[in-house]
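Numbering of ligands and ligand atoms starts at 1, following listing order.
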Amino acid sequence: MSTVHISANKGDFAETVLMPGDPHRSRFIAENYLSDAKLVNDLRGVRGYTGFYKGKRVSVMASGMGQPSMGIYSYELYSFFGVENIIRIGTCGAYPERIKPGDIIIALGACSDSAFAKRYDLPGTFSAIADFGLAKDAYEYCVSKGLRFEVGNVLSSDIFYSEVENAGKWAKMGLLGVEMESYALYCTAASLGKKALAICTVSDAIYDSKLILTPEQRETGLKTMIETALEIAR
Ligand code: HPA
């Protein structure tokens with residue numbers, strides 16, 4: 001059974017799918033963390049694998065970049081492949097100076113400049129939030145490992161090269177970071193009665209463009225994020 005964007009059979013995906021943005025990263029996770037991993041989708045090179053982590057059946061597939069891409073893949077996984085939980089594992093830029101490259105942000109909520117929720121035709125503003133159970137599990141795991149992390153609101157922007165003044169306005173509202181996918185994921189999960197969470201490694205700082213992840217920070221930051229997601233997968 002294939003959908004427009006996923007060529008796989010029903011049952012090929014586990015109940016929980018980890019979604020990095022980058023297909024290379026989904027392959028990296030499958031090769032380095034999963035046992036008995038099988039490639040279940042390769043349409044457009046958006047690699048999806050299903051395997052086992054500590055005996056738990058888990059899938060990992062790329063979301064691509066941006067809300068439209070995340071919207072497509074999460075919708076098809078939830079609607080046609082029996083997926084119940086999607087955990088986004090991506091990178092984000094940090095707003096407050098106390099948050100440094102390599103830190104982790106658990107996105108409890110996501111704001112957006114996108115029109116993604118317009119199609120629900122709601123008579124107001126939709127607050128896109130993570131599943132509380134998944135967020136709580138991620139929080140408890142990060143505490144137990146003594147990781148540098150924060151829990152809060154992020155901006156899922158449609159624009160990577162955005163104006164600095166806008167960043168200041170979002171930062172003033174207490175947002176922790178900016179990325180490009182969580183809002184679409186949370187909206188899609190809500191509209192289909194499914195569960196979602198986004199965990200992000202800080203890759204850069206909006207308050208200082210020179211502050212970017214060193215290769216070493218990148219390695220450990222991504223590793224802790226991947227492990228957090230795998231540990232809380234159900
Ligand atoms: N903006 C948007 N998305 C991002 C960023 C950013 O600064 N860093 C990582 N993903």
Side-chain angles (χ1 to χ4, degrees), residues 18-26 28-29 46 60-74 86-117 128-130 138 142 147-188 196-229:
L18 269 55
M19 297 197 89
D22 178 355
H24 292 296
R25 199 157 293 149
S26 60
F28 173 83
I29 295 166
V46 172
V60 54
M61 188 172 90
S63 67
M65 281 185 284
Q67 330 253 10
S69 190
M70 172 58 94
I72 288 169
Y73 291 114
S74 58
I86 293 178
I87 304 171
R88 162 169 156 69
I89 40 174
T91 55
C92 71
Y95 283 132
E97 288 199 23
R98 65 177 187 278
I99 301 184
K100 308 294 182 200
D103 289 3
I104 283 176
I105 292 177
I106 297 171
L108 201 53
C111 307
S112 193
D113 51 21
S114 108
F116 194 87
I129 57 167
C142 289
L147 302 177
R148 276 185 59 92
F149 77 103
E150 290 209 21
V151 184
N153 221 346
V154 299
L155 173 67
S156 299
S157 181
D158 275 352
I159 304 143
F160 184 84
Y161 297 104
S162 70
E163 310 311 324
V164 173
E165 311 88 74
N166 288 343
K169 289 176 191 165
W170 288 111
K172 258 191 176 167
M173 292 300 284
L175 271 63
L176 304 179
V178 52
E179 44 84 88
M180 305 183 78
E181 293 83 14
S182 300
Y183 184 78
L185 173 62
Y186 291 176
C187 286
T188 305
L197 175 68
I199 305 168
C200 294
T201 301
V202 173
S203 58
D204 52 275
I206 306 304
Y207 53 83
D208 180 355
S209 60
K210 290 184 289 301
L211 210 57
I212 49 168
L213 272 181
T214 61
E216 196 188 14
Q217 282 172 326
R218 176 171 285 274
E219 176 103 20
T220 32
L222 294 175
K223 190 167 166 275
T224 47
M225 172 181 69
I226 292 165
E227 287 170 4
T228 304

Output, in order, the C-alpha distance, side-chain angles, deciding distance and verdict of salt bridge (charged side-chain N to carboxylate O under 4.0 Å, His left out) for E219 and K223. CA-CA 6 Å; E219 176 103 20; K223 190 167 166 275; over 6 Å; no

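- Less than 4.0 angstrom separates some heavy atom of I206 from each of these atoms of ligand 1: 7 (O).
- The backbone N or O of S182 lies less than 3.5 Å from a partner atom in the side chain of S156, making a donor-acceptor pair.
- Of the candidates D158, V154, V178, V178 brings a heavy atom nearest to atom 1 (N) of ligand 1.
- Judged by distance alone, with hydrogens and angles left aside, the side-chain atoms of D113 form a donor-acceptor pair with the main-chain N or O of D158 at under 3.5 Å.
- Closest to atom 3 (N) of ligand 1 among all protein heavy atoms lies E179 CA, 3.5 Å.
- Under the 4.0 angstrom criterion for non-hydrogen atoms, S203 is in contact with ligand 1.
- Distance alone, capped at 3.5 Å, places no donor-acceptor pair between the E181 side chain and the Q67 backbone.
- Counting only heavy atoms of the protein, atom 8 (N) of ligand 1 lies nearest to D204 OD1, 2.8 Å.
- Within the listing of ligand 1, atoms 2 (C), 3 (N) sit less than 4.0 angstrom from a heavy atom of M180.
- For ligand 1, the atoms lying closer than 4.0 Å to a non-hydrogen atom of F160 are 1 (N), 2 (C), 3 (N), 4 (C), 5 (C), 6 (C).
- Looking only at heavy atoms of the protein, atom 10 (N) of ligand 1 is closest to T91 O, 3.4 Å.
- Y186 contributes a side-chain N or O that, together with a main-chain N or O of A198, makes up a donor-acceptor pair within less than 3.5 Å.
- Taking each heavy atom of C200 and C92 in turn, the nearest pair found is CB-SG, 3.7 Å.
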